[in-house]
Every structure is written in structure tokens, then in C-alpha cells.
Amino acid sequence: MRRMLGELLIPLGIAYGVVLVLVFVFQSHLVFFPGTGREGVLNPQSYGMRFESVEIRTADGVTLAAWWVPAEGARGTVLFFHGNAGNISHRLDYLQMFHRLRYSTLIVDYRGYGKSTGTPSEEGTYRDAEAAWITCATCVWSCPRISSLPANRWGARSRRGLR
């Protein structure tokens with residue numbers, strides 16, 4: 001009985017170990033889906049909103065594609081990070097919602113998504129968020145009123161504000 005149990009458990013243990021190694025090696029491919037819907041479909045102008053294309057440089061030299069969508073009489077600003085897969089052109093409903101609520105929005109494509117350069121990674125995502133936050137806070141486009149308005153970060157994946 002012990003021998004039979006050993007003959008069964010050893011191959012199962014080896015198979016389990018191989019699966020763990022494969023998951024570790026290919027984890028970024030299991031988490032990030034930048035190739036899904038990479039091409040831009042529409043832009044905010046398609047929904048009747050003014051917008052400006054913005055390029056954001058990260059600390060490690062990656063260029064992020066973003067849109068600045070100002071709202072008339074803005075009550076604040078939303079820094080919006082879209083969820084996994086797709087790109088900013090697939091999040092126009094969110095932009096329209098924030099616009100109707102009179103929030104200006106900076107929506108950003110992560111590295112490797114949409115027209116952004118680079119390859120997605122966990123560390124890269126942190127760099128992207130930092131660069132986008134600095135861009136939003138310093139307002140590199142001409143919008144003098146915005147620095148006095150409240151800013152919120154929004155993550156589509158979590159469906160709640162980021163902390």
C-alpha cells in the first residue's frame with residue numbers, strides 16, 4: 001500500500017512542481033493582456049467631448065498615451081486608469097459619465113497598452129501611475145484653474161478609487 005501511494009504521490013508532486021514553475025515563468029502573460037483590443041476605436045470627440053492627446057514620460061523612459069478631457073465648470077479632476085485588456089478608446093462611457101458629472105479627466109494607457117510604448121509589468125504599472133499622477137498634479141497642459149480643484153484616482157479594474 002505504501003509503495004503504491006509513493007508511486008502515485010511522487011509523479012503528482014513533480015507535476016505540481018512543474019505547474020508552479022510554469023506559472024511563475026509566465027505570470028506576466030497570465031496577468032496582463034495588452035494585445036487584446038490594442039487598436040484605438042473611437043476618441044472622446046466621437047461622443048461630443050473636447051479632448052487633447054497627451055504623452056507622458058515615465059522615470060524609465062516609457063511614453064504613455066493619454067487623453068485630457070476637460071469639463072466646463074469642472075468640479076474636480078479624475079485620473080483614470082483603465083482595467084486590464086483594451087485601451088483608453090474602450091473607456092469612453094466612463095469619460096462621458098465623468099464629463100456629465102462635470103469632472104475633467106486624464107485617462108491613461110498603461111505601458112504596452114494602446115499607443116503606449118514598453119512592456120507591461122507590476123513595477124512598470126507603479127511607474128506609470130506615478131508619472132500620470134505627477135502629470136495630473138502639475139498640469140502640463142494649459143489649465144490654470146485645475147490645481148485648486150480636488151483630484152481623484154479611479155481604477156476601472158477595482159471599480160473604486162485607488163488609495
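Counting begins at 1 with the first residue of the sequence. All values below come from the heavy atoms of this structure, side chains included, with hydrogens, waters and symmetry mates left out. Please read these numbers as outputs of a predicted model, since none were measured by experiment.
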Q) Does any non-hydrogen side-chain atom of W67 lie less than 4.5 Å from one of L106? A) no
Q.
If we ignore hydrogens and angles and just use 3.5 Å, is the side chain of R111 paired with the main-chain N or O of G124 as donor and acceptor?
A. yes
Q: Going by the side-chain contact (heavy atoms from CB on, under 4.5 Å) test, name the single residue among T117, D128, V54 that passes it with L64.
A: D128
Q. Which residues pass the salt bridge (Lys or Arg N to Asp or Glu O under 4.0 Å) test with E7, sequence neighbours left out?
A. R3
(Q) Ring centroids only, cut at 6.0 angstrom: are Y47 and H99 within range, meaning strictly under it? (A) no
Q) Would you call the rings of F80 and Y94 parallel, tilted or perpendicular if under 30° counts as parallel and over 60° as perpendicular? A) tilted
**Q.** S104 (side chain) donor-acceptor with A71 (main chain) under 3.5 angstrom
**A.** yes
Q: Mind checking the CZ-OH spacing from F81 to Y113? Nearest 0.5 Å is all I need.
A: 13.5 Å
Q: Start with the C-alpha gap between Y110 and S116, add the side-chain angles, then the distance that decides, and say whether side chain to side chain contact (heavy atoms under 4.5 Å, CB included) holds.
A: CA-CA 7 Å; Y110 297 104; S116 295; over 6 Å; no
Q) Can you check whether H82's main-chain N or O pairs, donor with acceptor, with R91's side chain at less than 3.5 Å? A) no
Q: Mark yes or no for whether S46, through its side chain, and L42, through its backbone, hold a donor-acceptor pair below 3.5 Å.
A: no
(Q) To the closest 0.5 Å, what do you measure between CD1 (I107) and CG (L92)? (A) 7.5 Å
Q: Using salt bridge (Lys or Arg N to Asp or Glu O under 4.0 Å) as the criterion, list what pairs up with D109, not counting sequence neighbours.
A: none
Q | Residues which pass side-chain hydrogen bond (donor to acceptor under 3.5 Å, both in side chains) with T63, listed by chain and number, not counting sequence neighbours | A | R57
Q) Can you tell me how far the CD atom of Q96 sits from the OG1 atom of T105, to the nearest 0.5 Å? A) 11.5 Å
Q) In Å and rounded to the nearest 0.5 Å, what is the CG to CZ distance from D60 to R127? A) 4.5 Å
(Q) Looking at every non-hydrogen atom in both residues, tell me the closest pair between I56 and A66 and how far apart they are. (A) CD1-CB, 4.0 Å
Q) Will you find, in the side chains of E130 and Y126, an N or O donor that is under 3.5 Å from an N or O acceptor? A) no
Q. Is the shortest heavy-atom distance from the side chain of R50 to the side chain of P70 under 4.5 Å?
A. yes
(Q) I need the L95 CG to S89 OG distance, nearest 0.5 Å. (A) 10.0 Å
Q: Could you give me the CA-CA distance, side-chain angles and deciding distance for Y103 and V69, then say whether side chain to side chain contact (heavy atoms under 4.5 Å, CB included) is met?
A: CA-CA 9 Å; Y103 283 95; V69 183; over 6 Å; no
